[in-house]
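Below is one structure, written out as structure tokens, with a few remarks after it.
Naming convention: chains lettered A, B, ... in sequence-line order (proteins, then strands); numbering from 1 in each chain.
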There are 2 protein chains.
Amino acid sequence: MTEAPALDRGARSRDAILDTAGDLMSRHGYAATSISMISAACGLPVSSIYWHFRSKDGIYVAVLERARTALLAALPPAEVPGADVAQRLDTFLTEVEDAFRRHPRGVKLLLGLGMVQQDASAAAAAEVHQYRDALLAWARDSVSSVFALCDRPEVADELARFTLRMASGTAVARWFDPDAVLETGPLRVALLALATHHGVPVGGVPGEDAPSGPVTTGE
Amino acid sequence: MTEAPALDRGARSRDAILDTAGDLMSRHGYAATSISMISAACGLPVSSIYWHFRSKDGIYVAVLERARTALLAALPPAEVPGADVAQRLDTFLTEVEDAFRRHPRGVKLLLGLGMVQQDASAAAAAEVHQYRDALLAWARDSVSSVFALCDRPEVADELARFTLRMASGTAVARWFDPDAVLETGPLRVALLALATHHGVPVGGVPGEDAPSGPVTTGE
DNA sequence: GTCTATACTAGGATAGAC
DNA sequence: GTCTATCCTAGTATAGAC
């Protein structure tokens with residue numbers, strides 16, 4: 001361990017800095033996280049941090065890039081397996097719940113930067129947009145697979161947005177109440193109702209396509 | 001105007017400071033908003049700001065308190081008028097959409113502080129919790145009125161949480177895409193389906209109480 | 001209540017030895 | 001790649017005249 005090749009030391013230090021910075025920034029936000037805090041927490045001197053990342057913004061961009069990669073890698077393939085809609089939907093919701101529960105840091109970094117986006121550097125803003133776009137695309141592909149919506153892209157879009165907003169809202173709820181989880185039960189009912197409302201066959205459902213009288217969707 | 005009673009000048013300055021501080025803090029967050037920024041933006045010297053509010057934290061607490069009061073005052077009474085569920089639901093959703101669209105600053109301050117809650121002073125944390133609890137209580141009372149749920153408090157709770165999470169998620173979506181609005185159409189369908197799923201009569205609906213096969217709510 | 005001026009600290013960033 | 005030491009700016013907060 002202590003005899004690790006010198007070639008690795010730089011990479012290991014870099015990782016340690018990113019770990020620490022990611023943790024602190026996701027907890028306190030970018031502005032409230034100082035280089036000296038990071039230095040004190042990870043044990044490396046300030047100048048080493050500047051040697052690895054040219055600036056505080058450079059640290060931020062690297063932290064975001066890493067969080068994005070980790071979260072996206074943790075997302076299961078958008079081709080949801082399962083014989084029928086109900087089965088695929090359960091699989092999908094379980095996966096979403098898992099990903100958001102196991103990567104709170106990435107989600108918080110995304111939300112944190114999103115919130116003060118106008119202050120961010122171009123590089124950081126680009127990073128966070130890539131993050132967000134990838135999530136949205138994944139959600140769209142997944143619901144499209146779950147409900148077999150390849151010929152109804154607008155419906156897939158609506159369902160994906162709905163799901164992601166519920167997930168974001170849950171992330172918000174969670175920093176007020178750490179025990180809050182994505183409530184897949186109600187979300188399941190809601191997604192099925194929305195699909196049915198748009199005339200998408202979901203199996204095992206009566207001919208009715210709306211749970212009440214005339215409904216305007218505003219589209 | 002220039003001859004306004006001296007008694008008013010203090011109050012007017014105080015208001016101007018709060019306006020400016022609220023705007024800057026909701027845009028940049030607490031940590032990234034400096035006293036000198038506020039001073040430059042509102043025209044009053046730093047020391048006047050400190051005279052009105054003893055510290056930066058004091059400004060924050062006052063800003064939050066004011067945003068909370070304004071948002072809660074803008075919320076319509078929880079006794080939603082309307083002859084049937086569909087009518088009351090439409091009224092309620094319109095009101096929610098309105099409140100969140102017209103008070104983006106208050107929502108953003110709430111979310112911003114919620115996110116870095118652990119750094120906040122006890123006073124600021126108390127303020128934000130009062131904010132959040134009041135919103136939740138209002139939503140619970142409102143859906144209870146819409147769906148006549150006085151004897152089903154758990155259902156009212158679930159629907160209220162669902163609505164607020166969707167609203168929070170939309171607030172998040174909005175700072176990535178300023179044009180995003182609370183999509184009341186899908187939310188309407190979802191709430192009706194959830195109520196039906198719990199056996200709540202919503203009027204004009206067939207006997208079916210679930211849109212698909214066996215459903216587990218996790219409760 | 002408002003202004004000018006200032007004390008004091010902490011932050012971001014760099015130099016240069018090792 | 002890492003360390004010590006340092007520069008400079010900007011931040012919070014206060015003193016005291018008006």
Rounded distance in Å - [atom1] ([X]) to [atom2] ([N]):
X       : N      : atom1 : atom2 : answer
B:Met37 : D:dA13 : CE    : C1'   : 18 Å
B:Lys56 : C:dA10 : NZ    : P     : 15 Å
B:Ile38 : C:dT2  : CD1   : P     : 15 Å
B:Ile49 : C:dT4  : CD1   : C1'   : 15 Å

**Q.** Residues B:Asp15, B:Arg12: salt bridge by 4.0 Å N-O rule
**A.** no
**Q.** Electrostatic pair A:Arg66:A:Asp19 at N-O distance under 4.0 angstrom
**A.** yes
Options [options], nucleotide nearest the side-chain atoms of [X]:
X       : options               : value
A:Trp51 : C:dT2, D:dG1, D:dA13  : D:dG1
A:Tyr50 : C:dG11, C:dG1, C:dT14 : C:dT14
B:Ser13 : D:dG11, C:dT2, C:dA13 : C:dT2
A:Arg9  : D:dA13, D:dT2, C:dA13 : D:dT2

Q.
Check this for me: does the side-chain of B:Ser47 come within 3.5 Å of the base of C:dT4 through a donor and an acceptor?
A. yes
Q: Please work out which of the three classes, parallel, tilted or perpendicular, describes the rings of A:Phe92 and A:Trp138, given edges at 30° and 60°.
A: tilted
Q.
Looking at B:Ser39 and B:Leu44, would you say the former's side chain and the latter's main chain have a donor-acceptor pair under 3.5 Å?
A. yes
